[in-house]
Number of protein chains: 2
Amino acid sequence: MEEKRYRQVQNFLKLQIQKGYYVVGDYLPSENELCSTFSITRTTARKALEELMKEGFIGRQHGKGSIVRERRQSLGLLTVKGFSEAVGKDVTTVFLQHPQPGFWNPEIHFPISENEIRESCIHFARQRCVGEIPVMIEYNWLANTHLEGIGDIAFIDGSFFKTLSQHYRIEIIGSEQELRAENANKNIAVLLRIPLGSPILHISLKFHTSKNNFYIYSELYCNTVNYPIGNSYHL
Amino acid sequence: MEEKRYRQVQNFLKLQIQKGYYVVGDYLPSENELCSTFSITRTTARKALEELMKEGFIGRQHGKGSIVRERRQSLGLLTVKGFSEAVGKDVTTVFLQHPQPGFWNPEIHFPISENEIRESCIHFARQRCVGEIPVMIEYNWLANTHLEGIGDIAFIDGSFFKTLSQHYRIEIIGSEQELRAENANKNIAVLLRIPLGSPILHISLKFHTSKNNFYIYSELYCNTVNYPIGNSYHL
DNA sequence: CGTTTTTACTTGTACGTACAAGTAAAAACG
DNA sequence: CGTTTTTACTTGTACGTACAAGTAAAAACG
């Protein structure tokens with residue numbers, strides 16, 4: 001079967017956004033313009049735009065048009081955009097380890113499929129700071145077969161998810177997470193510059209992506225004393 | 001202006017679900033049936049059903065119909081359905097304090113509006129257990145002006161949110177939350193039967209409801225050693 | 001009697017039309 | 001020149017039609 005008309009238009013526009021032809025704040029072509037350029041009816045054009053809105057790429061304003069948005073559905077606890085919003089402060093990021101081939105670590109909380117274990121693994125780790133104070137340590141693992149050259153390029157705007165979208169056309173479509181309050185072990189205590197045994201928030205994450213069988217695993221350790229993790233959800 | 005036709009149908013069906021005329025698993029009338037009973041076109045009927053799906057009341061199955069669902073969008077961390085899903089186990093609930101008039105407590109993390117402070121306040125507290133082991137202590141506050149008789153009735157299926165929906169026709173439409181890892185104070189340690197100073201997960205919640213200016217404030221204290229808080233999100 | 005085909009439903013996609021309602025700039029007014 | 005009205009766009013709602021595609025039971029078949 002041929003792909004549905006509205007999905008063709010939807011994916012075309014999505015690609016334009018991902019490629020940066022439209023940036024945040026830009027208006028997409030109006031429904032009527034889409035009608036004539038794609039030879040479709042407004043019903044179909046509207047369906048394409050409504051799907052893009054559901055996916056979080058655009059917002060729609062009555063009387064004005066469809067505006068490109070920062071894609072930031074709250075996925076579990078942290079937004080797609082990232083950590084800065086969750087603590088509501090400007091966050092600086094320091095790489096503890098740049099992306100490079102490594103091994104799947106038993107620290108990963110969610111079970112890893114046999115397929116993933118057979119493949120090699122990319123690992124990177126970052127320290128997030130507010131001002132000079134480290135507030136989160138973040139470890140990430142992912143299969144080595146989906147992101148060619150990830151070790152050689154800088155993250156777009158320092159964001160892994162943005163790089164995933166714009167460079168590899170892979171979107172985050174869901175997540176699973178588990179939360180625990182724990183005592184900081186020696187390693188974490190040193191990295192967060194807190195006393196051994198301080199209470200820390202440990203978040204285990206498994207991100208689902210638009211690419212089949214490709215998941216991203218993260219283990220986050222947060223010092224929430226001064227900057228609690230916050231988010232919000234609205235229907 | 002008169003209310004939109006699709007919203008009339010949407011709200012009519014929602015009320016039927018809230019009143020229990022349709023229960024989870026039931027099929028709503030088909031699009032064509034809605035067309036004839038409400039004298040509308042399928043466009044309008046479909047819009048009403050699609051809105052109900054967005055709100056989480058129903059699911060739609062190609063070739064079959066619209067089926068009533070348990071409404072359980074993940075709202076922040078915990079689902080609307082409640083705590084049992086978040087820990088993935090059967091949870092028993094013990095009231096530490098039944099709903100009764102009380103005072104706004106400074107323990108509430110999110111700021112309370114002047115209007116709310118002027119009104120009196122309903123408070124209730126619960127202990128959630130897996131088997132015999134307490135895993136969460138939950139304190140709740142809400143303005144006294146919206147839920148007449150809440151102190152005199154039992155919660156439907158033990159769920160406050162279900163009671164809110166079916167008895168008062170009030171739905172949760174959003175939430176804000178903040179998360180902290182803390183050391184258990186004396187009170188919490190006793191209630192959770194853990195040593196003083198054990199790491200606990202403290203969740204501050206402000207639920208937004210379908211009723212204007214009516215919010216529900218909760219402070220949760222979780223022992224995550226054996227039962228971490230888990231949830232998932234999918235586009 | 002067991003299998004295949006048909007039928008009668010369901011929702012999904014896509015066509016097309018008309019007007020309501022919001023927005024913002026251009027044009028007309030006094 | 002400042003205010004009001006008009007105009008030309010935008011998306012939103014609602015009408016109506018036709019066929020595609022999924023589902024499940026009834027009917028026909030061998």
Side-chain angles (χ1 to χ4, degrees), chain A residues 1-14 16-17 21-71 173 234-235, chain B residues 1-14 16-17 21-71 173 234-235:
Chain A
M1 197 200 73
E2 215 177 61
E3 197 173 32
K4 289 147 203 163
R5 304 276 271 141
Y6 79 83
R7 202 161 286 280
Q8 290 173 31
V9 177
Q10 173 191 349
N11 287 334
F12 175 85
L13 292 171
K14 192 195 296 185
Q16 302 265 307
I17 295 170
Y21 298 158
Y22 297 104
V23 299
V24 173
D26 284 357
Y27 282 95
L28 293 188
S30 74
E31 296 174 359
N32 285 318
E33 284 178 286
L34 293 175
C35 290
S36 51
T37 55
F38 289 96
S39 303
I40 54 177
T41 52
R42 256 190 81 207
T43 315
T44 309
R46 282 180 67 79
K47 178 81 175 167
L49 292 167
E50 268 156 21
E51 289 295 311
L52 281 175
M53 188 165 70
K54 271 190 205 165
E55 288 188 286
F57 285 97
I58 61 169
R60 313 202 70 204
Q61 294 169 272
H62 190 181
K64 293 188 79 177
S66 302
I67 193 166
V68 176
R69 289 244 171 102
E70 192 76 55
R71 191 166 174 277
I173 57 166
H234 287 277
L235 196 69
Chain B
M1 195 200 77
E2 216 177 61
E3 197 173 35
K4 289 148 202 160
R5 306 275 271 140
Y6 78 82
R7 203 161 287 279
Q8 290 173 31
V9 177
Q10 174 191 348
N11 288 333
F12 176 86
L13 291 171
K14 192 195 296 184
Q16 302 264 307
I17 295 169
Y21 297 159
Y22 296 103
V23 298
V24 172
D26 284 356
Y27 283 95
L28 293 188
S30 74
E31 296 175 359
N32 284 319
E33 285 177 285
L34 292 176
C35 289
S36 50
T37 56
F38 289 96
S39 303
I40 53 177
T41 53
R42 258 189 80 206
T43 316
T44 309
R46 282 181 68 78
K47 178 81 175 166
L49 291 168
E50 268 156 21
E51 289 295 310
L52 281 174
M53 187 163 71
K54 272 191 203 164
E55 288 188 284
F57 285 96
I58 61 169
R60 311 201 72 203
Q61 294 168 274
H62 191 182
K64 294 189 79 179
S66 303
I67 194 166
V68 176
R69 288 241 173 104
E70 193 76 55
R71 190 167 175 274
I173 57 166
H234 288 277
L235 197 67

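Owing to the predicted nature of the structure, the values given are computational and were not obtained by experimental measurement. Chain letters run A, B, ... following the sequence lines, proteins first and then strands; every chain starts at 1.
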Separation of C:dG12 atom C1' from A:Arg5 atom CZ, nearest Å, is 16 Å
How close or far is atom P of C:dT10 from atom CG of B:Asn32, stated in whole angstroms? 6 Å
A:Glu33 has an atom CD; how far is it from atom C1' of D:dA8, in whole Å? 13 Å
Side chain of A:Ile40 only, please: which of C:dG12, C:dT10, C:dC15 is the nearest? C:dC15
Side-chain N,O (B:Lys64) to OP1/OP2 (D:dA24) below 4.0 Å: yes
Out of D:dT11, C:dT23, C:dT11, which nucleotide sits closest to the side chain of A:Arg42? D:dT11
Between B:Gln61 and B:Ile67, is there a donor-acceptor pair closer than 3.5 Å when you use the side chain of the first and the backbone of the second? no
Searching all strands shown, indicate the nucleotide that pairs with D:dG12 (Watson-Crick or G-U wobble; both distances under 3.5 Å). C:dC19
Rounded to whole Å, CZ of B:Arg7 lies from C1' of D:dG12 at a distance of 11 Å
If we call it a pair only when both distances are under 3.5 Å in a Watson-Crick or G-U wobble match, what pairs with D:dC29? C:dG2
Establish, with yes or no, whether the OP1 or OP2 oxygen of D:dT13 is under 4.0 angstrom from a side-chain nitrogen or oxygen of B:Lys47. yes
Salt bridge flag under 4.0 Å for residues B:Arg60 and B:Glu31: yes
Please state how far atom CD in B:Glu31 lies from atom C1' in D:dT23, giving the value in whole angstrom units. 15 Å
Does atom OH (A:Tyr21) have a neighbourhood of more than 12 heavy atoms from anything else shown, all under 6.0 Å? no
Could you let me know what C:dA24 is paired to, Watson-Crick or G-U wobble, both distances under 3.5 Å, or none if it's on its own? D:dT7
Send over the distance from B:Glu51 CD to D:dA14 P, rounded to a whole Å. 11 Å
What is the separation between atom CD on B:Glu50 and atom P on C:dT10, rounded to the nearest whole Å? 17 Å
Heavy atoms from C-beta onward define the side chain here; which of C:dG12, D:dA14, D:dA24 lies closest to that of B:Arg46? C:dG12
Backbone N or O of B:Ser39 within a donor-acceptor pair of the B:Arg5 side chain at under 3.5 Å? yes
Taking the side chain of A:Thr41 as heavy atoms from C-beta outward, which of D:dA24, C:dC15, C:dT10 is closest to it? C:dC15
Do any N or O atoms from the side chain of B:Glu70 and from the backbone of B:Val24 form a donor-acceptor pair under 3.5 angstrom? no
Looking at A:Thr44, I'd like to know whether one of its side-chain N or O atoms comes within less than 4.0 Å of OP1 or OP2 on C:dC15. yes
For A:Gln61 and C:dA24, give me the distance from atom CD to atom P, rounded to whole Å. 8 Å
Quick check: on DNA chain D, is the nucleotide nearest A:His62 upstream (toward 5') of the one nearest A:Thr43, or the reverse? Name the residue that is more 5'. A:His62
